[in-house]
Amino acid sequence: MTKLLEVTNITAGYGDGPAIIDGAQLTIEPGKVHCIIGPNGAGKSTLLKAICGMLSIRKGDVVFKGERLNGLRPDQILRKGICFVPQERALFAKMTVRENLRMGGFILDDKRELERRIDGILERFPILRERADQHAGTMSGGQQQTLAMARTLIIKPDIVMLDEPSLGLAPKVVQEMFDIMKMMSAEGVTVLLVEQNALMGLKNADWGVVLDLGRTLFEGPAATVLADPRIQELYLGGKKAA
Amino acid sequence: MAEILQILILGLALGGVIALMGSGLSLVFGVMRIVNLAHPALIIGGAYITYLAFKTFDIDPIAMLPVAAVAMAAVGVVLYRLLFQREAKSAKYSEMTVLLTFALAMMVEGLLGGLFTNTQRVTSPDYATAAFFIGDVFIPKGQLYAGLVSLAIIAALSLFLKYSRLGYAIRATTQNREAAELLGVNVQFISVLAFAIGIGLAGAAGSLVSFVFSFFPAKHWEWIAMLMSVVVLGGMGSILGTVVGALILSVVAAFVGTWIGATWSTLTFFLALFIILLVRPQGLFGEKPEMA
Ligand SMILES: Nc1ncnc2c1ncn2[C@@H]1O[C@H](COP(=O)(O)OP(=O)(O)OP(=O)(O)O)[C@@H](O)[C@H]1O
Ligand SMILES: [Mg+2]
């Protein structure tokens, strides 16, 4: 199988602090949806931050399209084609929706092309078009998350990493976020999702990764992970219902 | 009525200059969360550059403004690399920079004292002592020019921040450094750039200040309180806020100075600082804690 991104045995942490991630690994295949699950504090967010260059990698390798990414800054990694939507504070609250989208295309040099793509996004997301000139901070949680996800599409990235896009949203809105994610995937964007709700996440994914205490416990097809008795017991709320 | 108009015009002209003096302070705080207590000392640095050119080569202070701005911007780059770059990763960054810039202010003062002595200086181009009259209202040319040039520079800065690509990057970094970085902004570069622009603005303000106020190396202690209250009233980090804050406080100080007494005029700024911090610490246009 072809691999787009390979994370092998990495160690990472904050500043001079202890290693939060120690022995994490991941295999990302092009075009698929990958879901990382694990309990609170497992290091899921930390792993994504390490991949995107916000934290320095102390050991191990992150290899993207055959190229080592270790030591690159976030802006450099973005230019390679990996886009990260953090768990919180992804937007510029005091910028309008349109300005947020413009920032989303910051790395594009062709201004005309950027405006064209922004119009394209607004076309596809009526919620955003209606609020194009509204400050992002004044929108609802779901609208903000929609903007954060839609914004990644401006630069047509290879991989989008989403950290708990469903956090704090009502169930109906959560489904909308998964729909957007599916749409991204259908367009050929490879998705790496972190999801607190393991069942929901795995059901919407092709590949599952179980992370605990900064280590990868288990990695495999989402259906296999879902069915694994250990996973059932640890993360899916006890015994299998069937 | 004429008296009120008179005071208002003087207050506004001076307010324009004070806005320029404060704008660099506000910008640097916004982007880097550095409370640069050395900002007014660096303004005085710009004033001395202008003074030297005026005394030695008879160069007009306003003509000297771009030179002082660029020279001080270069000083800004050096200071950033030397003092702030390494600290940026520390958790106590903001606290550290207060001590650091306090020490820097004293160093700049000492250096300027060594170079130029502590004598009061002022540049004296023709317009510094001339005035227009509109009816009974007199408008000193020096203050008017300084105020207008200041507001023109701030307008240019605002347009740059609002519409240019680097301006977007600076605003984005001010609002949410992490998100900016994740969208491809090299925040290290933007920090150096914003610091250079901020100190460049101090240099530019120095040129104007050189013929509006008399100055000497220790004068900056008077100004830091004034600039702090202006920037805090406007909301730390907001350029528009700084302009509004400067105009309001300067006009109030002008009325207080005329009607109550000149010594009370400076007190206006201290008093305002206390009141704002108690009543509305984020100022008029300041950032409230940001959303998720
Ligand atoms: N900025 C930080 N500085 C220091 N330690 C941190 C920081 N952020 C997180 N940690 C620590 O790293 C560990 C893992 O946190 P992380 O946010 O990666 O977990 P998570 O799996 O994303 O959890 P959650 O499901 O709550 O989002 C925790 O013990 C946390 O205390
Ligand atoms: Mg997390």
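Hydrogens, waters and symmetry mates are skipped; everything else that's a heavy atom, side chains included, is used. Naming convention: chains lettered A, B, ... in sequence-line order (proteins, then strands); numbering from 1 in each chain.
- Put simply, CD1 on Ile77(A) and CG on Leu182(B) are 10.0 Å apart, with the number rounded to the nearest 0.5 Å.
- Contact annotation for Leu114(A): neither backbone nor side-chain heavy atoms come within less than 4.5 Å of a heavy atom of chain B.
- Met103(A) and Ala172(B) get closest at one heavy-atom pair: CE-CB, 3.5 Å.
- Residue-level contacts of residues 160-168 of chain B with chain A, in order of numbering, are Lys162(B), Tyr163(B), Arg165(B), Tyr168(B); threshold 4.5 Å between heavy atoms.
- Across Ala179(B) and Ala90(A), no two heavy atoms sit closer than the pair CB-O, 3.5 Å.
- The neighbour count for Met107(B) CE, taken as heavy atoms of other residues, nucleotides or ligands under 6.0 Å away, does not exceed 12.
- Of the atoms belonging to Glu178(B), it is side-chain heavy atoms, and not backbone ones, that fall under 4.5 Å from chain A.
- With hydrogens and angles disregarded, a donor-acceptor distance shorter than 3.5 Å links the side chain of Asn176(B) to the backbone of Arg89(A).
- Counting only heavy atoms from C-beta outward, the side chains of Phe92(A) and Leu183(B) approach each other to under 4.5 Å.
- Contact of Glu99(A) with chain B is made through backbone and side chain together, with heavy-atom distances under 4.5 Å.
- When atom types are taken as modelled, the side chain of Glu181(B) and the backbone of Met54(A) share no donor-acceptor pair closer than 3.5 angstrom.
- Residues Arg73(A) and Val187(B) have side chains not in contact (no heavy-atom distance under 4.5 Å, counting atoms from C-beta outward).
- Asp75(A) contributes atom CG, which lies 10.0 Å from atom CD of Gln188(B) (distance to the nearest 0.5 angstrom).
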